[in-house]
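Here is the structure we will look at.
Note that these values count all heavy atoms, side chains included, but never hydrogens, waters or copies made by symmetry. What you see is a predicted model; the values in this text were computed from it and never measured. Chain letters run A, B, ... following the sequence lines, proteins first, then strands; residues in each count from 1.
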Amino acid sequence: MLDPKFLRDELAQTAQRLAARGFELDVDKIAALEARRKELQSSTQELQNERNVRSKSIGKAKQAGEDIGPLLAEVGELGEKLDAAKSELTELLAQIEAITAGIPNLPDASVPVGKDESDNVEVSRFMEPTVLGFEAKDHVDISAGLSNGLDFETATKLTGSRFVVMHSQVANMHRALAQFMLDTHTQKHEYAEVYVPYLVNHDSLFGTGQLPKFGEDLFHTQPATEEGQGLSLIPTAEVPLTNIVRDSIIDEAQLPIKMTAHTPCFRSEAGSYGRDTRGLIRQHQFDKVELVQVVKPEDSFAALEDLTGHAEVILQALQLPYRKMILCTGDMGFGACKTYDLEVWLPAQNTYREISSCSNMLDFQARRMQARFRAKGAKKPELVHTLNGSGLAVGRTLVAILENYQQADGAVVVPEVLRTYMNGLEVIPAK
RNA sequence: GGAGAGGUGGGUGAGUGGCUGAAACCAGUUCCCUGCUAAGGAACCGUACGUUAAUUCGUACCGAGGGUUCGAAUCCCUCCCUCUCCGCCA
């Protein structure tokens with residue numbers, strides 16, 4: 001959520017900056033609603049003031065033993081007027097809220113202006129694309145050449161499309177990856193390991209920005225109704241991790257808070273029919289190790305560089321070629337003001353694919369969550385800044401290893417850093 | 001799932017219809033005193049919105065949402081959550 005004051009005072013400027021990311025702000029409507037709100041709010045408050053004053057005088061008169069009959073008559077119609085004003089105001093506020101809750105974050109000035117993916121700008125590269133010396137197979141075919149591995153058929157029987165069952169050494173490697181990532185972040189990058197619920201309530205989803213606009217992308221345990229809202233499966237650990245600080249005032253000394261968690265993520269992938277239908281790239285359920293930082297406002301841009309670097313360390317340790325992209329205004333997520341994507345090289349696709357996305361949300365989520373801190377000596381609590389990034393998507397990392405470490409004979413070499421997590425295994429042999 | 005108790009400001013915790021935006025204590029801030037690794041005293045000390053020259057004034061908020069009333073933290077209803085005991089269970 002944007003700062004309502006800023007939105008009001010700098011409406012035109014806000015609209016202009018939002019236009020850069022392809023969001024059209026209805027300036028006239030907002031201005032009109034705001035004007036009416038202001039009017040109604042002050043008139044409602046006046047009415048309430050009047051009621052309070054009179055009610056008080058009734059109390060005093062009663063205590064003094066005076067006749068309160070005339071006073072009561074005077075106050076009579078006040079209630080009706082007040083009720084009318086109140087209900088109109090409530091409705092108006094709901095309208096304004098509905099609009100502001102759907103406005104994305106403002107892009108940072110350093111973000112390149114662009115329309116979509118194709119306008120993202122490469123920042124740096126690690127290693128050259130893998131040269132295999134033979135025709136690259138994709139991870140599905142590689143797995144098929146192992147004695148046991150990815151099993152999409154069984155998953156389809158159990159659940160449906162876009163799910164997977166993994167067997168033996170491939171399942172082991174998948175687990176090893178998550179372990180390795182967590183260990184690296186906790187031991188080398190000073191993140192605290194956290195275990196979180198995989199089902200969250202709507203307040204949490206609103207806090208990080210998935211709701212109200214992107215409910216379609218989630219799996220819900222029950223549809224939301226007027227009176228009750230069911231729980232939803234997390235689309236990323238960003239949701240539970242970031243919401244840990246929701247509705248709280250943090251001691252300045254506790255910042256920055258750095259947390260990491262390994263969770264499954266569930267996405268309905270609505271609107272992506274036909275894309276990446278083969279293999280592990282786009283699943284309804286996938287594992288991810290998430291990094292979240294809660295920092296002081298002045299630290300957030302440095303923290304973004306930091307956090308992105310932490311994700312890069314994993315790719316570097318696994319010796320996987322990748323490039324770092326800065327997303328253009330049109331390709332950024334709803335709550336982000338600046339985002340780096342890390343894209344890993346996939347030989348079979350002969351291209352780079354996203355494996356991590358690291359964003360500075362500024363105070364956008366913090367405002368929705370009312371996550372604040374009190375600076376030493378400061379009177380008012382101040383909104384924190386939140387950041388998150390994948391460190392990394394485990395399934396896609398598995399894909400990258402299978403494809404980049406494949407051998408001519410169909411075997412797959414185990415990256416060195418994973419071997420201690422796999423009982424010393426050096427190669428997954430072909431069948 | 002059953003029975004009971006409860007949800008109040010950063011924390012603990014008073015408060016059963018008007019004088020309570022809320023006692024007291026702790027934490028915090030500022031000042032005073034004191035020369036020693038400490039103690040004592042005083043004042044201030046919730047959030048949001050609007051308003052103002054102003055920390056001025058107004059309004060709202062005591063889990064959430066409704067209701068009763070001239071007036072609700074306080075009474076009633078619904079929901080959520082926490083605790084204790086019982087049941088069930090990985």
Side-chain angles (χ1 to χ4, degrees), chain A residues 1-9 30-31 33-97 99-101 195 197-207 211 221-232 240 243-255 257 294 363 366-384:
Chain A
M1 205 120 74
L2 299 177
D3 182 352
K5 243 182 211 150
F6 183 82
L7 181 66
R8 245 177 279 149
D9 299 344
I30 293 177
L33 286 173
E34 268 301 327
R36 180 73 186 130
R37 193 219 89 231
K38 209 165 174 178
E39 203 181 315
L40 252 181
Q41 189 166 332
S42 53
S43 67
T44 305
Q45 289 188 358
E46 265 172 48
L47 281 171
Q48 275 172 326
N49 183 18
E50 204 176 326
R51 186 206 59 191
N52 289 348
V53 169
R54 300 208 180 186
S55 295
K56 233 166 226 180
S57 71
I58 290 176
K60 277 180 190 154
K62 208 173 173 187
Q63 265 179 343
E66 294 167 23
D67 179 19
I68 58 172
L71 287 170
L72 282 177
E74 242 179 85
V75 148
E77 58 194 287
L78 211 59
E80 279 176 39
K81 266 199 227 167
L82 188 58
D83 282 348
K86 258 189 185 168
S87 65
E88 197 189 338
L89 182 62
T90 306
E91 211 224 317
L92 197 63
L93 288 175
Q95 275 183 52
I96 294 172
E97 157 84 14
I99 293 173
T100 54
Y195 173 84
Y198 304 156
L199 286 165
V200 292
N201 59 33
H202 284 214
D203 285 344
S204 294
L205 290 162
F206 180 85
L211 291 180
T221 54
Q222 328 154 10
T225 59
E226 291 290 323
E227 59 279 3
Q229 301 169 324
L231 302 175
S232 308
N243 274 282
I244 285 175
V245 296
R246 170 154 56 85
D247 286 325
S248 58
I249 297 177
I250 302 157
D251 204 359
E252 183 181 23
Q254 286 182 288
L255 297 176
I257 297 173
V294 179
D363 59 7
R367 184 171 295 106
R368 290 171 158 253
M369 294 191 300
Q370 283 305 297
R372 294 167 296 177
F373 77 102
R374 203 187 298 274
K376 201 172 157 55
K379 262 192 191 159
K380 290 207 160 195
E382 205 180 329
L383 293 168
V384 295

[atom1] atoms of [N] and [M], separation to the nearest Å:
{"N": "G6(B)", "M": "U59(B)", "atom1": "P", "answer": "33 Å"}
{"N": "C81(B)", "M": "A24(B)", "atom1": "C1'", "answer": "27 Å"}
{"N": "C19(B)", "M": "A73(B)", "atom1": "C1'", "answer": "16 Å"}
{"N": "G41(B)", "M": "C26(B)", "atom1": "P", "answer": "10 Å"}
{"N": "U55(B)", "M": "G21(B)", "atom1": "P", "answer": "22 Å"}
{"N": "C77(B)", "M": "U68(B)", "atom1": "C1'", "answer": "11 Å"}
{"N": "G4(B)", "M": "G58(B)", "atom1": "P", "answer": "45 Å"}
{"N": "U51(B)", "M": "U56(B)", "atom1": "C1'", "answer": "9 Å"}

Could you check which nucleotide pairs with [N] in any of the strands shown, counting Watson-Crick or G-U wobble with both distances under 3.5 Å?
{"N": "A23(B)", "answer": "none"}
{"N": "C85(B)", "answer": "G2(B)"}
{"N": "A38(B)", "answer": "none"}
{"N": "G28(B)", "answer": "C44(B)"}
{"N": "U78(B)", "answer": "A64(B)"}
{"N": "C49(B)", "answer": "G58(B)"}
{"N": "A90(B)", "answer": "none"}
{"N": "C70(B)", "answer": "G18(B)"}

Taking side chain as C-beta onward, heavy atoms only, is [X] less than 4.5 Å from [Y]?
{"X": "Leu33(A)", "Y": "Arg37(A)", "value": "no"}
{"X": "Val200(A)", "Y": "Asn243(A)", "value": "no"}
{"X": "Pro4(A)", "Y": "Thr100(A)", "value": "no"}

What is the separation between atom [atom1] on [X] and atom [atom2] on [N], rounded to the nearest whole Å?
{"X": "Lys86(A)", "N": "G67(B)", "atom1": "NZ", "atom2": "C1'", "result": "13 Å"}
{"X": "Leu89(A)", "N": "U59(B)", "atom1": "CG", "atom2": "P", "result": "15 Å"}
{"X": "Glu382(A)", "N": "U47(B)", "atom1": "CD", "atom2": "P", "result": "13 Å"}
{"X": "Ile249(A)", "N": "A27(B)", "atom1": "CD1", "atom2": "P", "result": "19 Å"}
{"X": "Arg36(A)", "N": "G50(B)", "atom1": "CZ", "atom2": "C1'", "result": "16 Å"}
{"X": "Arg246(A)", "N": "A64(B)", "atom1": "CZ", "atom2": "C1'", "result": "13 Å"}
{"X": "Glu39(A)", "N": "U59(B)", "atom1": "CD", "atom2": "P", "result": "20 Å"}
{"X": "Gln370(A)", "N": "G46(B)", "atom1": "CD", "atom2": "C1'", "result": "14 Å"}

Exercise for the section: Scan side-chain atoms only and decide if Asn201(A) and Ser204(A) contain a donor-acceptor pair under the 3.5 Å cut-off. Expected result: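 Ser204(A) and Asn201(A) do have a side-chain donor-acceptor pair below 3.5 Å.
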Handout entry: Cationic N near anionic O, under 4.0 Å, Arg54(A) to Glu50(A)
Key =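 Looking at Glu50(A) together with Arg54(A), the answer is yes, because their closest N to O distance falls below 4.0 Å.
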Handout entry: Side-chain donor/acceptor of Gln45(A) to base of G58(B), under 3.5 Å
Key =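 Looking at the base of G58(B), it does pair with a donor or acceptor on the side chain of Gln45(A) (distance under 3.5 Å).
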Give, for atom [atom1] of [X] and atom [atom2] of [Y], the distance between the pair rounded to the nearest 0.5 Å.
{"X": "Ser42(A)", "Y": "Glu46(A)", "atom1": "OG", "atom2": "CD", "value": "6.0 Å"}
{"X": "Leu82(A)", "Y": "Ser43(A)", "atom1": "CG", "atom2": "OG", "value": "9.5 Å"}
{"X": "Gln370(A)", "Y": "Met1(A)", "atom1": "CD", "atom2": "CE", "value": "8.0 Å"}
{"X": "Asp203(A)", "Y": "Met369(A)", "atom1": "CG", "atom2": "CE", "value": "12.0 Å"}

Verify the contact: side-chain N or O of [X] to OP1 or OP2 of [N], cut-off strictly under 4.0 Å; return yes or no.
{"X": "Asn52(A)", "N": "U59(B)", "result": "yes"}
{"X": "Arg8(A)", "N": "G50(B)", "result": "yes"}
{"X": "Arg51(A)", "N": "A60(B)", "result": "yes"}

Practice task
Nearest-nucleotide wise, let me know which of Arg372(A) and Lys38(A) is further upstream toward the 5' end of RNA chain B.
Solution key: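 It is Arg372(A) whose nearest nucleotide is closer to the 5' end.
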Practice task
Using the closest heavy atom to pick a nucleotide of RNA chain B for each, name whichever of Ser42(A) or Val53(A) lands nearer the 5' end.
Solution key: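 Of the two residues, Ser42(A) wins.
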Problem - Of Thr90(A), Leu89(A), Asn49(A), the residue whose pairing with Thr44(A) passes side chain to side chain contact (heavy atoms under 4.5 Å, CB included) - result: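 The side chain to side chain contact (heavy atoms under 4.5 Å, CB included) with Thr44(A) is passed solely by Leu89(A) among Thr90(A), Leu89(A), Asn49(A).
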Handout entry: Option from Gln95(A), Glu88(A), Gln41(A) for which side chain to side chain donor-acceptor pair (under 3.5 Å) with Arg36(A) holds
Key =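 Of all the options given, the one that passes is Glu88(A).
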Practice task
State, to 0.1 Å, how close Leu211(A) and Arg368(A) come at their nearest heavy-atom pair, and which atoms those are.
Solution key: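 Heavy atoms only, the tightest pair is O-NH1, 3.2 Å.
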Under 3.5 Å, which protein N or O atoms sit close to an N or O of nucleotides 88-90 of chain B? Give each pair with its distance.
none

Taking N or O atoms only and anything under 3.5 Å, show me the protein contacts with nucleotides 16-19 of chain B, one pair per line.
| residue | atom | partner | partner atom | Å |
| --- | --- | --- | --- | --- |
| G18(B) | O6 | Lys62(A) | NZ | 3.4 |
| G18(B) | N2 | Ser55(A) | O | 2.7 |
| C19(B) | N4 | Gln63(A) | NE2 | 3.2 |

Handout entry: Candidate nucleotides U59(B), U47(B), C49(B), ranked by approach to the side chain of Asn49(A) - the nearest
Key =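 Closest of the options to the side chain of Asn49(A): U59(B).
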